[in-house]
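Please read the structure below before turning to the comments.
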Amino acid sequence: MNAKDILLQFKNGLFDRNPLLVQVLGVCASLAITTTVSNSLYMGLAVTAVLVCSNLLISLLRRFIPEQVRIAAYIVIISGFVTIVEMVMNAYMPSAAAKLGIFLPLIVVNCIILGRAEAFASKNTPLPSIIDGFAMGAGFTIALLLLGAIREILGSGSFFGIQLFGQSYTPIGILTSPPGAFMTLGCLIALIQYLKDRLQSKTKASADQTHKDVKNKEVEPNDL
Amino acid sequence: MNEERKENTLLQVSSAPHIRSHDSTQTVMLDVIIALLPLLLWGCYIFGMRALTVTLITVFSSVIFELLFNLITKKTITVLDLSAVVTGLLLSYNLPHTIPFWMPVLGAFFAIVPVKMLLGGLGKNLVNPALAGRACLLLSFSSAMTVPPVLTRLDLFESYLPGDALSGSTPLYTVLSPAEDGSSISTELLFDMFIGNESGTIGEVSALLILLGFLYLLLRKVVSWHIPLSYLGTVAFITLLFPAEGVERFDVVYMLAHLFSGGLLLAAVFMATDYVTSPITPKGRIIFGIGCGLLTVIVRYCAGNEGASYAVLTMNLLVYFIDKITVPRPFGAALPKLKIKKESKPQ
């Protein structure tokens, strides 16, 4: 467990395997609550908190949970943490909890959390699992914030509830409704695929370049 | 010398088909534009020059967006097939003349880029681009898309203008929410609707001119009668037999008012008949028309709003399935047999 591994995990969570924009997990809640940036932030933080805690516990218990009932066991653990998060939010930030509504308890069935439990925490030691939880949670939160920012700025003309434009601005209502959410998500996914392609071709080109250089060096002596 | 002889002796026979139609996308679209132009003239006459400006902005931005998309993606330039012009015209016909000028640009962008070009251009789009553009604008800017009452209603036929009976709503709303005193729609109002002396979007007002355009397209064999007639027939049938509450059955005036008001005729003649987004076979076309009619009336009755555009959009998405179940039997082919699973005997 060195710094390079941690960096790679964060790069995976934020970009290469971003839960929302690349793996396209947890779409339902994401589309529903990203009408404003503040909603996105609360949702992202709640999911991250649950993800880190459940990853840790599942990783600790990975040798004790029988293979056959693992999904049920994971769900019980996850729902425990979701209940805690829900109670905390209800106690200390009731307005945010009210805004998230049903989607707060629904974090239990969010595929990202179960997906990370199954794919990562059940196979790794606690420390990498916690880091994975933070990385994936951060990736999800940033994706939600992007979605929320685009939808709130264009759809309601505000950012974090602060009106950005004057009276003359006509908000594009479709962006605050479900079709607008789908379109924005589609555009973001397309953008990230484009960036990935660019990056890949660049690394490939540089790899080819070095390959050529090596070849040239090999050829040179023969020519001489 | 040698080459010349070769050229002379070579028999120049192309492969079948040998009979060719002179129709191309361009000529078909040109015919549609010709059929659409009188509506624009009437729109300018009744709403003023702002209608023309809105239309020009929509058409130009449609064409420019398609051209830009072609250039950016480095594909063949497809602007000359005129389909973008038709999309722009139809989109603007669905807009009120009072709309702020930048909204049609946004609508044209939505119609051309995501709905048409991103799916592969003309022939690949799933839904009618103009209608999708209109739906996008309607969902986004519902207040700017509401049709204002025409303040300068023409005194074409002074004798029976119903005064300001219409101020505040388009005839469609008069039809959909009958007067509380139980009086039905006057024949004068119906005549106004037919001529187009009413409020509405730029291109939908004149039933007469739309029907003339339909006639032209029929004579030029650009469209077949199946979709418009089955569509309008379904609407007529339902509104005649099952009118809204408070209206007597078999009220022909009520039925005609349903047909002439709102965007129904425009949608039935010009949008539902779009080659790309309508079924191929006559049988499929009739199913498509009936579906459009049913959905239109359902939206009109239940939501109290114009449902033609949403009806056509919904049916557009079903075209693939309609085409699948209406594949014609090849001449001489056997009737399709019921598939019976043969029980495999254990040996």
Side-chain angles (χ1 to χ4, degrees), chain A residues 20-22 24 27-28 30-37 39 143 146-159 163-198 200-202 205, chain B residues 54 57 61 65 68-69 72-74 91 94-96 98-120 124-146 148 299 303 305 309-310 312-314 316-317:
Chain A
L20 184 60
L21 299 180
V22 179
V24 201
V27 177
C28 170
S30 314
L31 294 180
I33 55 98
T34 48
T35 46
T36 62
V37 186
N39 276 4
L146 268 177
L147 254 179
I150 294 170
R151 287 182 66 191
E152 189 178 349
I153 291 172
L154 294 177
S156 328
S158 60
F159 189 74
Q163 285 297 322
L164 291 180
F165 311 106
Q167 290 286 314
S168 57
Y169 179 72
T170 323
I172 306 171
I174 196 170
L175 281 174
T176 54
S177 58
F182 271 109
M183 281 189 260
T184 320
L185 183 64
C187 292
L188 282 180
I189 291 175
L191 180 74
I192 209 149
Q193 290 299 329
Y194 174 73
L195 288 179
K196 272 180 94 174
D197 262 17
R198 279 283 297 269
Q200 238 164 32
S201 57
K202 227 181 216 173
Chain B
V54 169
I57 287 175
S61 43
F65 281 131
L68 280 180
F69 189 90
I72 289 172
T73 54
K74 295 176 185 128
L91 176 61
N94 277 298
L95 306 174
T98 48
I99 193 165
F101 287 136
W102 58 273
M103 285 183 192
V105 180
L106 203 70
F109 173 79
F110 188 76
I112 295 293
V113 179
V115 176
K116 191 171 104 180
M117 299 313 285
L118 278 183
L119 293 180
K124 303 273 171 43
N125 47 316
L126 289 175
V127 295
N128 185 299
L131 278 181
R134 178 200 186 252
C136 175
L137 288 181
L138 195 64
L139 283 173
S140 298
F141 316 107
S142 49
S143 60
M145 285 290 286
T146 16
V299 176
N305 223 321
S309 58
Y310 290 119
V312 176
L313 280 176
T314 313
N316 279 168
L317 294 174

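Each chain gets a letter, A, B and so on, in the order its sequence line appears, and its residues count up from 1.
- Residue F182(A) places its CZ atom among 12 or fewer non-hydrogen atoms of other residues, nucleotides or ligands, all under 6.0 Å distant.
- Remark: I150(A) engages L154(A), T184(A), L188(A) in a side chain to side chain contact (heavy atoms under 4.5 Å, CB included) (not counting sequence neighbours).
- With rounding to the nearest 0.5 Å, the separation of CZ in F110(B) from CD1 in I172(A) is 11.5 Å.
- Taking 4.5 Å as the heavy-atom cut-off, none of the residues of residues 126-134 of chain B approach chain A.
- Few gaps surround NZ on K196(A); more than 12 heavy atoms of other groups in view lie less than 6.0 Å from it.
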